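Accompanying notes for the structure given below.
Naming: A, B, ... by sequence-line order, numbering from 1 per chain. Owing to the predicted nature of the structure, the values given are computational and were not obtained by experimental measurement.
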Protein chains: 2
Amino acid sequence: MKPSTLFSVFIIAEENEAVKELSSGLALMGFACAIASREEIVRQVVESATDLVLVEIDGRSANSRLELSRRIREERHLPIIALVSRERLSDLDDDLNIDDFVITPCDVPELTLRIKRLLRKPSNRRSGELINCGNLVIDMGKCAVSIKGKSVALTFKEYELLKFMASNRGRVFTREVLLNKVWGYDYYGGDRTVDVHIRRLRSKIEGSSHIFIETVRNIGYRFK
Amino acid sequence: MKPSTLFSVFIIAEENEAVKELSSGLALMGFACAIASREEIVRQVVESATDLVLVEIDGRSANSRLELSRRIREERHLPIIALVSRERLSDLDDDLNIDDFVITPCDVPELTLRIKRLLRKPSNRRSGELINCGNLVIDMGKCAVSIKGKSVALTFKEYELLKFMASNRGRVFTREVLLNKVWGYDYYGGDRTVDVHIRRLRSKIEGSSHIFIETVRNIGYRFK
DNA sequence: GATGTTTTTTAAAGACTTTTTACGACTTCA
DNA sequence: TGAAGTCGTAAAAAGTCTTTAAAAAACATC
């Protein structure tokens with residue numbers, strides 16, 4: 001994490017001394033913090049350039065705050081960390097809307113590390129999602145594919161097929177499944193269609209150096 | 001997490017009082033724990049039915065333990081939690097091989113919750129997609145078989161045969177039954193076919209060390 | 001509507017897998 | 001001990017699936 005990249009953190013909590021202290025602690029670590037406690041902030045969070053949300057889960061407002069984080073998640077996929085008291089730990093039992101938690105009172109170094117780790121996860125990067133397989137890069141934001149930095153022109157179906165397979169690396173897909181997932185559940189047509197697309201994809205992305213798509217006889221194909 | 005499902009946790013740490021206490025604390029929460037500290041355990045972890053690994057990162061062995069977790073990850077995608085002292089926190093800065101961490105001395109409820117949350121993530125579920133027999137692993141999602149971490153190339157029928165027998169371990173199958181279950185109820189062909197496939201399977205998965213398929217004279221074959 | 005591009009279909013060639021056949025070794029039972 | 005049945009192996013034959021190329025159809029653009 002370069003110090004030059006400034007990440008912006010939204011803290012949803014009562015604005016008391018402890019929280020203010022936390023906020024300035026994070027500011028010291030290079031995060032731009034904002035504190036708010038009203039519920040109307042969902043809009044604000046979603047629409048602003050927020051990178052990550054901290055939600056305080058305390059006695060009185062536990063449920064409403066969990067609900068809040070759920071709503072934020074629904075609108076935009078933003079990493080969320082709960083600040084939770086030891087007593088309220090069990091509230092997080094079933095909640096997968098929250099990515100991580102720390103027990104209050106907060107230890108700033110621990111929280112900082114947790115924030116960093118969440119922001120480093122590729123799926124949480126603001127930068128449009130990328131799939132990165134060796135020297136093949138699929139930029140799903142741009143719908144562009146490049147290999148060793150050189151961009152490769154794929155047709156729509158080729159791109160969709162590659163994207164699907166690459167985002168489930170290692171798994172074997174039958175032609176039928178590919179037809180379902182890439183062409184759509186209601187597509188009616190022959191298996192050979194898949195073969196042909198695979199062939200063209202291969203001819204575009206595979207040189208003599210690397211093989212990306214493996215055929216698994218009697219079953220289908222796999223992206224390696 | 002139903003209480004009926006028993007998850008198995010491997011703790012890599014010095015076996016001191018604190019760790020033993022932690023282990024029994026987790027046992028109380030319904031986890032089957034095993035402790036080990038030597039490095040040779042990579043094999044053991046990968047080959048056993050372990051669901052999750054705890055790695056203690058302390059002063060002396062920090063780097064080697066991190067390396068260890070990297071190696072475990074390489075062999076099999078298993079969730080890993082670091083038990084780390086406050087002073088060693090920064091060692092986790094760049095390490096994405098570790099899924100989560102807790103600061104020692106451990107708070108058992110917190111650790112339990114972190115374990116639960118990791119195991120609940122779909123990508124970490126044992127999910128019935130993996131058959132694990134000693135050092136033989138059948139990954140049904142990838143349609144891949146590996147033995148001591150080394151992947152083995154099987155043909156379709158070999159794979160199907162192995163999958164069927166391995167998922168009914170200990171049971172004896174007549175050739176007729178195998179023909180029915182693997183080849184299909186309407187298959188018409190001779191018994192020798194089974195023998196030949198068994199032979200080729202054996203030659204691929206059995207070394208001098210382990211025998212997986214046992215011949216039961218006058219009846220048929222049995223796995224393990 | 002003509003043109004060029006993308007997608008699907010078709011069919012033959014090729015590669016690999018599976019089955020059959022045949023035979024030797026081994027076990028069981030009279 | 002010999003006959004009958006069972007099992008393991010190798011090689012050839014049969015079969016199946018995949019690749020390939022080329023043509024037809026669908027689609028988009030002007």
Side-chain angles (χ1 to χ4, degrees), chain A residues 143-145 151-165 171-208 210-224, chain B residues 143-145 151-165 172-208 210-223:
Chain A
C143 293
V145 174
S151 86
V152 179
L154 298 184
T155 68
F156 177 66
K157 276 276 149 57
E158 287 162 2
Y159 171 75
E160 290 287 305
L161 181 60
L162 176 62
K163 189 175 84 181
F164 177 71
M165 294 187 73
R171 212 185 189 81
V172 180
F173 298 103
T174 64
R175 290 161 227 277
E176 195 189 352
V177 169
L178 289 174
L179 244 19
N180 257 273
K181 295 287 188 180
V182 179
W183 274 258
Y185 70 96
D186 54 352
Y187 175 82
Y188 163 75
D191 282 0
R192 274 347 61 211
T193 299
V194 177
D195 296 28
V196 173
H197 283 268
I198 292 284
R199 178 169 79 79
R200 281 198 300 242
L201 202 43
R202 278 174 168 163
S203 77
K204 287 183 180 178
I205 65 173
E206 295 185 350
S208 49
H210 249 318
I211 283 176
F212 290 107
I213 299 169
E214 216 173 307
T215 101
V216 182
R217 204 165 216 271
N218 276 296
I219 305 180
Y221 298 95
R222 156 201 340 214
F223 190 91
K224 174 79 190 21
Chain B
C143 295
V145 173
S151 83
V152 179
L154 298 185
T155 68
F156 180 63
K157 275 277 149 59
E158 287 161 2
Y159 171 76
E160 290 285 304
L161 180 60
L162 176 62
K163 191 173 81 179
F164 175 73
M165 296 188 73
V172 182
F173 298 104
T174 63
R175 292 165 173 69
E176 194 190 353
V177 169
L178 290 174
L179 244 19
N180 256 272
K181 294 288 187 180
V182 179
W183 275 257
Y185 68 96
D186 54 352
Y187 176 82
Y188 162 76
D191 281 0
R192 263 346 58 169
T193 298
V194 177
D195 296 26
V196 172
H197 279 87
I198 292 284
R199 183 194 131 243
R200 283 197 296 240
L201 203 43
R202 279 175 167 162
S203 78
K204 286 183 180 176
I205 66 174
E206 296 185 349
S208 48
H210 244 323
I211 284 176
F212 290 107
I213 299 169
E214 217 174 306
T215 302
V216 183
R217 202 161 217 276
N218 282 302
I219 307 182
Y221 299 96
R222 163 205 331 223
F223 190 89

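- The nearest pair of heavy atoms linking Cys143(B) to Val172(A) is CB-CG2, 3.9 Å.
- The shortest distance between the side-chain N/O atoms of Arg199(B) and the OP1/OP2 oxygens of dA10(D) is below 4.0 Å.
- Note on His197(B): a side-chain N or O is less than 4.0 Å away from OP1 or OP2 of dT19(C).
- Taking 4.0 angstrom as the limit, Thr155(A) places none of its side-chain polar atoms (N or O) nearer than this to OP1 or OP2 of dT5(C).
- With rounding to whole Å, Arg192(B) atom CZ is found 18 Å from dA11(D) atom P.
- Protein atom CZ of Phe173(B) is 20 Å distant from nucleotide atom C1' of dC7(D), rounded to whole Å.
- Distance from the side chain of Arg217(B) is smallest for dG5(D) among the nucleotides dC17(D), dT7(C), dG5(D).
- What separates CD of Glu176(A) from P of dT18(D) is a distance of 13 Å, to the nearest Å.
- Across the protein-nucleic acid pair, Tyr187(B) atom OH and dT19(C) atom C1' stand 6 Å apart, rounded to whole Å.
- Aromatic ring centres of Phe173(B) and Phe164(B): separated by under 6.0 Å.
- By the 4.0 Å N-to-carboxylate-O rule, Lys157(B) lies too far from Glu160(B) to be salt-bridged with it.
- The nearest whole Å value for the distance from the CZ atom in Phe156(B) to the P atom in dT17(C) is 13 Å.
- The phosphate of dT7(C) (OP1 or OP2) has no side-chain N or O of Thr193(A) nearer than 4.0 angstrom.
- Comparing Val196(B) and Arg175(B) by the nucleotide of DNA chain D whose heavy atom lies nearest to each, the residue mapping closer to the 5' end is Arg175(B).
- Look at Trp183(B) and you won't find any side-chain N or O under 4.0 angstrom from OP1 or OP2 of dT18(C).
- The separation between Leu201(A) atom CG and dT7(C) atom C1' is 14 Å, rounded to whole Å.
- In this structure, Arg202(B) reaches the sugar-phosphate backbone alone: every heavy-atom distance under 4.0 Å involves primed, P, OP1 or OP2 atoms, never a base.
- In this structure, Leu178(A) atom CG and dT18(D) atom P are separated by 12 Å, rounded to whole Å.
- Within 6.0 Å of atom NZ in Lys204(B), more than 12 heavy atoms from other residues, nucleotides or ligands are found, so the atom counts as buried in its surroundings.
- Within 4.0 Å (heavy atoms only), Tyr221(A) reaches sugar-phosphate atoms of the nucleic acid but no base atom.
- Distance Asp195(B) CG to dA22(C) P: 17 Å, rounded to the nearest Å.
- Remark: Leu154(A) CG to Arg200(A) CZ distance equals 11.0 Å, nearest 0.5 Å.
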